[in-house]
Amino acid sequence: MPFSSLGLSEPLLRAVADKDYETPTPIQLQAIPAVLRGGDVWASAETGSGKTAAFVLPILQRLSAGPRVAPRPVRALILVPTRELAAQIGESIRGYGHRLPVQLKTQIVFGGVSINPQMMALRGGADIVVATPGRLLDLIDHNALRLSAVETLVLDEADRLFNLGFADELARILALLPARRQNLLFSATFPPAVFALANALLREPVRIEVAPTLPPAGKAAILQRAIEVDKPRRTQLLRHLIEENKWSQMLVFVATKYHTSHVAEKLRKAGIRAESFHGELSQGARTANLAAFKDGRIQVLVATDVASRGIDIAQLPVVVNYDLPRSATDYTHRIGRTGRAGETGTAISFISADTDAHFRLIEKRHGLHLDREQIVGFEPEELPLPPPADPTGGLKGKRPNKKDKLRALAAVARQTATRL
Ligand code: AMP
């Protein structure tokens, strides 16, 4: 079905055509008409599904049809868990809205940077606010904006809003919104807290379930590889692979902030344009590194899991797990940074003697088995650790119970446990 059948206005259809999208993604097919009708939406969808356009396009259409008053009241509020996602949605709104005859004002607000410029920017109001919850409340406390005229509320990546501890802030914000409004809730997963919120918030929602683009076993667009290498030789192998394969860009995941700088530094010494990306860089450095990566000035971004969710970099060809992720879910999110929107990508995991067992657990969770590869000149010399000692002490007939298995799992997790 083409975009033109969804009820979108001409300027929005032209903006979509500018982006060379051929057909709507499944979530766009279902969500756009529902949002245009003004109803609530309960969508289970991940980044990569095209969910941003699924809510941005119809919101732009509804807002551009409404009355214009000054100062502009906030009519659409989009709540997101991270500053990166806020900035990304802001860019999408600009991209999809640039052909509209009325220019809607969008303001992005997030913490970690000075509040004053955001307060100044909100003078005269804004039609759309994209915000992280904490900073939004700070701005409300400073009387910089009010939420009493919000017509549409979007909760994007609702599960992460909870994971990041924003439940109290969300409750405060919801209490400030008018009772009559449209609610759109997007979440990759529905743990009990998000499920309860969705039930409490949404009125007769259109429920949309988009089969996840992952799990990885079913994701043909991502070629997954597991390469065995001794731990101390991983950076050399990385350099070798970059040079051999002439990869233009890659995202490399490591376990700690310290490692991001360390690996990036070593790559730079080898003449590769590499930078680090982690949660404790200043906001300025994070934004600058991400922008430089997106426009190709940085070839390798060495990151912690902070970059594994939500960040969309068009056509990222390669992701490398230099250190393995802690969980099967993190694995999914990391490798989902490649093979985006129909492109093909490669996800490589480095496997060392002490992480072999952990990777097997990840494979098992995904019903996956990857053949282990070795690269000539980098064949490992260390042997994988033997499996954990038989907890039954070899007693016939007594198999490890659930607790034993959990203990064994915890032991493996401890071995690989790292802080972001
Ligand atoms: P999202 O899930 O919103 O983060 O979008 C993921 C990526 O898909 C973004 O790079 C979008 O530009 C792209 N995209 C969104 N809709 C479409 C579409 N209908 N066809 C092709 N690409 C799309």
Side-chain angles (χ1 to χ4, degrees), residues 3-4 6-19 21 24 27-28 31-41 43 50-80 83-110 113 117-133 135-136 139-140 143-157 173 176-178 180-186 312:
F3 270 102
S4 56
L6 299 180
L8 290 169
S9 64
E10 202 51 42
L12 293 169
L13 289 175
R14 278 197 285 139
V16 166
D18 292 342
K19 294 212 172 267
Y21 298 166
I27 190 158
Q28 291 163 358
I32 290 174
V35 181
L36 284 176
R37 281 196 302 272
D40 284 4
V41 166
K51 67 183 166 66
T52 314
F55 63 81
V56 166
L57 288 168
I59 285 177
L60 288 174
Q61 176 146 330
R62 285 171 64 82
L63 295 190
S64 54
R68 321 223 46 76
V69 288
R72 297 162 190 252
V74 179
R75 295 172 59 204
L77 174 64
I78 302 171
L79 288 177
V80 296
R83 29 200 178 187
E84 278 76 24
L85 189 57
Q88 207 164 282
I89 292 175
E91 272 174 38
S92 295
I93 294 173
R94 261 188 298 283
Y96 296 127
H98 76 285
R99 289 188 178 274
L100 289 172
V102 279
Q103 279 311 309
L104 297 166
K105 181 172 162 195
T106 302
Q107 187 58 44
I108 313 296
V109 301
F110 49 71
V113 292
Q118 294 175 1
M119 288 179 61
M120 299 280 283
L122 280 164
R123 287 194 185 156
D127 301 285
I128 305 174
V129 168
V130 187
T132 54
R135 177 52 61 90
L136 181 73
L139 286 161
I140 292 169
N143 281 325
L145 77 135
R146 290 155 50 93
L147 301 180
S148 52
V150 169
E151 295 162 29
T152 303
L153 168 73
V154 180
L155 296 181
D156 194 15
E157 302 204 356
I173 293 168
L176 296 171
L177 294 167
R180 265 180 70 87
R181 58 169 197 268
Q182 180 179 39
N183 300 292
L184 315 176
L185 186 143
F186 294 79
D312 179 45

V130: which of L77, I108, V154 passes side-chain contact (heavy atoms from CB on, under 4.5 Å): I108
Side-chain heavy atoms of I78 within contact of L184, under 4.5 Å: no
Closest non-hydrogen atom pair between L100 and S64, with its separation: CD2-OG, 4.0 Å
Partners meeting side chain to side chain donor-acceptor pair (under 3.5 Å) with D127 (sequence neighbours left out): R68, R72
Test side chain to side chain donor-acceptor pair (under 3.5 Å) applied to S92 - qualifying residues, sequence neighbours left out: none
Atom pair CD1 (I128) and CZ (R75), whose distance is rounded to the nearest 0.5 Å: 9.0 Å
Nearest-0.5 Å distance that lies between atom CD1 in I32 and atom CZ in R37: 12.0 Å
Non-hydrogen atoms of I59 and A76 that approach each other most closely: CG2-CB, 3.8 Å
Residues forming a side chain to side chain contact (heavy atoms under 4.5 Å, CB included) with A53, sequence neighbours excluded: Q28, L57, Y96
Contacts of R146 that satisfy side chain to side chain donor-acceptor pair (under 3.5 Å) - sequence neighbours left out: S148
Under the side chain to side chain contact (heavy atoms under 4.5 Å, CB included) test, residues paired with R135 that sit two or more places apart: V109, V113, I115, Q118, T132, D138, L139
From CG (L145) to CD1 (I140), nearest 0.5 Å: 5.0 Å
L63 CG to E151 CD distance, which is reported to the nearest 0.5 Å: 6.5 Å
With R99 via side chain to side chain contact (heavy atoms under 4.5 Å, CB included) - residues at least two apart: P11, R14, D18
Straight-line distance of L153 CG to I173 CD1, nearest 0.5 Å: 9.0 Å
Shortest non-hydrogen contact from A15 toward G95: CB-O, 4.0 Å
Non-neighbouring partners of F186 that pass ring-ring contact (aromatic ring centres under 6.0 Å, His included), sequence neighbours left out: F55
Rounded distance [0.5 Å steps], CG in L104 versus CD1 in I93: 9.5 Å
For D40, all residues meeting side chain to side chain donor-acceptor pair (under 3.5 Å), sequence neighbours excluded: N183
Residue pairs passing the salt bridge (charged side-chain N to carboxylate O under 4.0 Å, His left out) test where at least one lies in residues 51-66, sequence neighbours excluded: K51-D156, K51-E157
Minimum heavy-atom distance between A126 and Q107, given as atom pair plus value: CB-CB, 4.0 Å
Heavy-atom pair of closest approach, residues Q182 and A34: NE2-O, 4.3 Å
Beyond-backbone contact of T106 with R94, side-chain heavy atoms, under 4.5 angstrom: no
For L13, all residues meeting side chain to side chain contact (heavy atoms under 4.5 Å, CB included), sequence neighbours excluded: F3, S4, L8, E10
Shortest non-hydrogen contact from V35 toward A54: CG2-O, 4.3 Å
